[in-house]
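Down below is the structure, laid out as structure tokens.
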Amino acid sequence: MVCLYLVLPCYNEEEVLPDSISCLIQKMEQLKKEGRISYKSKMLFVDDGSQDSTWKIITKAQAVNHMVAGIKLSNNEGHQKALLAGMFFAKEYADIVITLDADLQQDIERLDKFIDRYEEGYEIVYGIRNDRKTDGYLKKITAKAYYLLLKHLNSGISLENCADYRLMSKKAVEALESYPEVNVYLRGLIPLMGFNSTTVYFDVKERTGGKSKYTVNKMVNLALDGITSFSIRPIRIITMVGFLVFVSSIFMFAYIMIAWLRRITIPGWASLAVAIWMVGGIQTLALGIVGEYIAKIYLETKHRPRYHIDVIAFKE
Ligand code: UDP
Ligand code: MG
């Protein structure tokens with residue numbers, strides 16, 4: 001029987017956590033009774049530096065139920081790093097880990113399907129959301145546009161409707177551990193590893209309490225990591241644009257010289273102003289994009305640890 005660890009990152013989730021824990025315990029009991037998972041299986045809550053009573057709720061639950069375990073990060077490191085911390089901790093004990101959100105928006109009744117796929121011989125099982133019903137209008141369009149952009153920048157791999165609801169075998173998690181980058185975008189990184197993989201479709205529910213912990217700021221950071229981690233195409237595009245501007249400037253120079261020699265230069269303020277604004281705009285944008293990559297290099301070369309585990313609440 002496989003030993004399953006659920007990995008659930010939580011950031012200020014006191015409103016939903018008690019309900020989530022009891023739902024998950026029920027589900028895990030059922031899976032055990034059906035003989036799908038071993039009695040050593042657990043759910044590991046990763047407290048991503050919450051400021052509310054999240055950690056208290058986890059330790060309380062852990063004291064009364066041996067299936068509950070928790071680790072507390074010393075800081076709010078973000079969803080992706082919390083997932084890493086949980087997976088790397090869990091892999092010491094588990095045969096498979098399944099990551100999912102602590103708000104249980106992702107249908108836990110599909111857990112059986114994930115395990116089925118693993119038993120069929122897949123090392124990684126991706127959860128794919130059926131639709132984005134529960135997302136707001138703005139998130140829907142921006143997500144759509146972003147994934148389209150990513151697909152074009154990323155040699156055609158589509159990550160649309162991917163979520164961090166995913167099963168990974170111990171072997172796959174160990175492989176993931178050998179990727180040293182500090183800023184991770186798991187949805188893009190994991191497919192790069194190869195391994196035998198498949199998908200499971202699931203429905204997304206409304207949050208039962210609390211607000212989304214993904215602020216606009218966190219979302220923009222994640223989006224930029226997604227692009228700069230996997231594609232150098234934006235820099236290539238800049239080079240191409242720069243080249244085109246340069247070539248056209250040669251033609252413009254010739255044209256200007258001829259016009260000057262034929263003494264038909266007129267005060268062309270409009271065309272000049274447009275040219276200055278456009279070239280200025282392109283240059284600033286180009287510098288910004290190059291800067292993004294330099295910032296990334298800067299952050300990566302420091303080789304800072306991705307997270308620190310502050311407290312562990314765990315009994316084997
Ligand atoms: N989360 C986290 N650290 C953060 C932000 C979010 O661990 O800095 C967790 C959060 O507690 C939740 C999961 O990541 O379990 C997904 O976040 P949320 O449900 O707020 O995002 P949404 O479902 O709205 O995209
Ligand atoms: Mg959510």
Side-chain angles (χ1 to χ4, degrees), residues 5-24 27 43-58 61 68-90 97-108 110-111 127-144 146-147 159-166 182-187 202-226 306-311:
Y5 268 52
L6 297 180
V7 169
L8 304 117
C10 341
Y11 178 56
N12 294 342
E13 296 287 10
E14 61 182 6
E15 286 112 326
V16 294
L17 210 48
D19 275 347
S20 297
I21 293 176
S22 52
C23 285
L24 285 166
K27 184 69 196 172
M43 23 200 179
L44 176 68
F45 293 89
V46 183
D47 179 357
D48 185 17
S50 303
Q51 288 99 29
D52 66 358
S53 60
T54 296
W55 182 244
K56 228 191 235 157
I57 296 170
I58 296 171
V68 179
I71 56 177
K72 181 177 172 53
L73 304 187
S74 59
N75 220 333
N76 178 223
E77 300 290 358
H79 182 212
Q80 303 286 301
K81 287 180 193 164
L83 284 172
L84 284 183
M87 286 193 287
F88 295 158
F89 185 90
V97 297
I98 300 180
T99 52
L100 68 166
D101 292 349
D103 54 18
L104 295 198
Q105 280 185 278
Q106 298 150 335
D107 190 1
I108 56 170
R110 303 298 283 175
L111 284 172
I128 309 278
R129 43 208 289 170
N130 279 326
D131 53 41
R132 288 183 168 269
K133 270 202 295 267
T134 59
D135 280 347
Y137 194 57
L138 194 67
K139 189 160 178 180
K140 246 185 243 168
I141 325 183
T142 47
K144 187 117 196 136
Y146 176 67
Y147 284 116
L159 299 175
E160 197 175 358
N161 289 336
C162 259
D164 288 305
Y165 190 11
R166 187 172 41 228
V182 178
N183 296 286
V184 285
Y185 184 68
L186 291 171
R187 283 168 220 182
F202 70 90
D203 284 326
V204 183
K205 297 183 210 149
E206 297 282 353
R207 234 176 199 279
T208 49
K211 284 199 301 271
S212 172
K213 303 300 179 296
Y214 254 101
T215 54
V216 173
N217 200 359
K218 280 183 177 155
M219 216 122 66
V220 169
N221 282 338
L222 183 69
L224 283 176
D225 269 341
R306 294 187 266 217
Y307 53 82
H308 297 292
I309 297 177
D310 186 10
V311 196

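For ligands, and for the atoms within them, numbers begin at 1 and follow the listed sequence.
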Numbering as shown, the atoms of ligand 1 that approach Tyr214 to under 4.0 Å (heavy-atom distance) | 17 (O), 20 (O), 21 (O)
Closest approach of any protein heavy atom to atom 22 (P) of ligand 1, naming residue and atom | Ser212 OG, 3.7 Å
Residues Tyr214 and His79: side-chain donor-acceptor under 3.5 angstrom = yes
With the side chain counted from C-beta on, respond yes when Leu8 and Leu44 share a heavy-atom pair under 4.5 Å apart, and no when they do not.
-> no
May I ask you to decide whether Arg166 forms a salt bridge with Asp164, counting only side-chain N to carboxylate O separations under 4.0 Å?
-> yes
Protein heavy atom at shortest distance from atom 18 (P) of ligand 1 | Arg207 NH2, 3.5 Å
Go through ligand 1 atom by atom and flag the ones less than 4.0 Å from a non-hydrogen atom of Glu13.
-> 10 (C), 11 (O), 12 (C), 15 (O)
Counting backbone and side chain alike, does Tyr214 bring an N/O/S atom below 2.8 Å of the Mg ion (ligand 2)?
-> no
Numbered atoms and elements of ligand 1 in range of Lys139, under 4.0 angstrom, heavy atoms | 24 (O), 25 (O)
Nearest non-hydrogen protein atom to atom 4 (C) of ligand 1, with distance, is Asp48 OD2, 3.5 Å
Protein heavy atom at shortest distance from atom 9 (C) of ligand 1 | Pro9 O, 3.8 Å
Hey, which atoms in ligand 1 end up nearer than 4.0 Å to a heavy atom of Gln105?
-> 19 (O), 23 (O)
Would you say Glu77 touches ligand 1, if touching means a heavy atom closer than 4.0 Å?
-> no
Say whether, by atom type as modelled, one donor and one acceptor occur between the side chain of Asp52 and the main chain of Thr54 under 3.5 angstrom.
-> yes
among protein heavy atoms, the one nearest atom 8 (O) of ligand 1 is Lys218 NZ, 2.8 Å
Under 4.0 Å from a heavy atom of Ala102: give me the atoms of ligand 1 that qualify, with their elements.
-> 15 (O)
Test: Asp310 and Lys72 ion pair at under 4.0 Å | no
Within Asp101, is some N, O or S atom less than 2.8 Å away from the Mg ion (ligand 2)?
-> no
Which of Lys218, Lys213, Lys81 passes side chain to side chain contact (heavy atoms under 4.5 Å, CB included) with Asn76? Answer is Lys218
Going by atom types only, do Asn217 and Thr215 share a side-chain donor-acceptor pair under 3.5 Å?
-> no
So which protein heavy atom does atom 20 (O) of ligand 1 come closest to, and at what separation?
-> Lys213 N, 2.4 Å
Would you say the side-chain atoms of Asp101 pair up with the backbone N or O of Leu104, donor to acceptor, closer than 3.5 Å?
-> no
For Leu186, does its backbone N or O pair with a side-chain atom of Gln80 as donor and acceptor, under 3.5 Å?
-> yes
Relative to the heavy atoms of Asn76, which atoms of ligand 1 are at a distance of less than 4.0 Å?
-> 3 (N), 4 (C), 8 (O)
Aromatic plane relationship, Phe202 with Tyr165 - under 30° parallel, 30 to 60° tilted, over 60° perpendicular = perpendicular
Name the closest protein heavy atom to atom 1 (N) of ligand 1, giving the residue it belongs to and the distance to 0.1 Å.
-> Tyr11 CB, 3.8 Å
Metal-centred angle, the Mg ion (ligand 2) as apex - OE1 of Gln105, OD2 of Asp103, 10° resolution = 100°
Short list, please: which atoms of ligand 1 are under 4.0 Å from a heavy atom of Asp103?
-> 18 (P), 19 (O), 23 (O)
Below 4.0 angstrom, N of the basic side chain to O of the carboxylate: do Glu13 and Lys211 qualify?
-> no
When you measure from atom 14 (O) of ligand 1 to every protein heavy atom, which one gives the shortest distance, and what is it?
-> His79 CD2, 3.2 Å
Which of Ser53, Ser22, Cys10, Ser50 passes side chain to side chain contact (heavy atoms under 4.5 Å, CB included) with Leu17? Answer is Cys10
